[in-house]
Amino acid sequence: MARVAVVTGGTRGIGHAISIALKSKGYRVAASYAGNDAAAQKFQADTGIPVYKFDVADFDACAASMAQIEKAVGPVDVLVNNAGITADGMFHKMTREQWDKVIGTNLTGLFNVTRQVWEGMRARKFGRVINISSINGQKGQMGQVNYSASKAGDIGFTKALAQEGARSGITVNVICPGYIATEMVKAVPQDVLEKNILPTIPVGRLGEPSEIARCVAFLASDEAGFITGSTLTANGGQYLAS
Ligand code: CAA
């Protein structure tokens, strides 16, 4: 029986590549999205992967939608917490709304979604939780106090939950991508990207979404069963975290 994988934010960007990679490895995949109906419908038509619309920042919506997914696709074996947003701005200009929405999606979203599948994984004695953090959760980034705090929180979440899941056959790991060629990075002002970011990436280019998807596929596999609580850094050498 094929394993079931859920990818939040799985219809665009890095999540799009993760959904496709897991499907190609034989998983039954469901992808969530929050707002872009047109992209989600195109993704579903192109890939045959069912899409579910809910906001990971909304606990009750997560409970209802994850139950719906488990009923339609099956109990979740692999959860990829990929949904993430930015609302960049210098701290002296940052609003409460920019703070709340980034923390709500990028950090509280991990609680809201993972909580729905955790008891089932414990009962079945198997699970893979893979969180997508960021280089900027490791090193901090000017203009991203909210985002960096949320992504650093994802790393702490991973390390704590890994210890709880270990005896139940559940691994919990976090991937920290660097700057990947997605709409999120393309939204960075061109001059900032060219002057401040690209020159600091030793491999001399942005990463590709598929390069992160391959990391996810590995961590989801049986071969990665001894790896838990770990932080997998994939950033082209831009920040050498231990
Ligand atoms: N690295 C280094 N310097 C940066 C920088 C960065 N990422 N972002 C901004 N700066 C510098 C600017 O070059 C500028 O320097 P100068 O005054 O010497 O020209 C200074 O900071 C102020 O920047 P702005 O003039 O752009 O100020 P602003 O108030 O108009 O805008 C901002 C501030 C919204 C933060 C804008 O600069 C910006 O969007 N920066 C990019 C921030 C960033 O790196 N975001 C990552 C998004 S991708 C992502 O988050 C995915 C991931 O996980 C990696």
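Numbering of ligands and ligand atoms starts at 1, following listing order. Just so we're clear, the structure is a prediction, and the values are computed from it rather than from any experiment. We count residues from 1, following the sequence as given.
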Just heavy atoms, cut-off under 4.0 Å: does Pro177 contact ligand 1 by side chain, backbone, both, or neither?
neither
Taking side chain as C-beta onward, heavy atoms only, is Arg12 less than 4.5 Å from Phe43?
no
Which pairs with one or both residues in residues 53-82 pass side-chain hydrogen bond (donor to acceptor under 3.5 Å, both in side chains), sequence neighbours excluded?
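Every pair satisfying side-chain hydrogen bond (donor to acceptor under 3.5 Å, both in side chains) with a residue in residues 53-82: Asp37-Lys53, Asn81-Thr114, Asn81-Asn131.
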For Ser148 and Gln141, what are the C-alpha separation, side-chain angles and deciding distance, and is it a side-chain hydrogen bond (donor to acceptor under 3.5 Å, both in side chains)?
CA-CA 6 Å; Ser148 298; Gln141 173 57 51; over 6 Å; no
Less than 4.0 Å is my threshold; does some heavy atom of Lys151 fall inside it relative to ligand 1?
no
Answer yes or no for Gly178: is there a heavy-atom contact with ligand 1 below 4.0 Å?
yes
Under 3.5 Å between some N or O of ligand 1 and some N or O of Thr86?
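N/O-N/O distance below 3.5 Å does not exist for this pair.
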Does the Ser150 side chain pair with the main chain of Asn106, one donor and one acceptor, at a distance under 3.5 Å?
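A pair under 3.5 Å: no.
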Hey, which atoms in ligand 1 end up nearer than 4.0 Å to a heavy atom of [X]?
X      : result
Gln144 : 45 (N), 46 (C), 47 (C), 49 (C), 50 (O)
Asn136 : 54 (C)
Ile197 : 7 (N), 44 (O)

Just to verify, what does Phe91 make a ring-ring contact (aromatic ring centres under 6.0 Å, His included) with, not counting sequence neighbours?
none
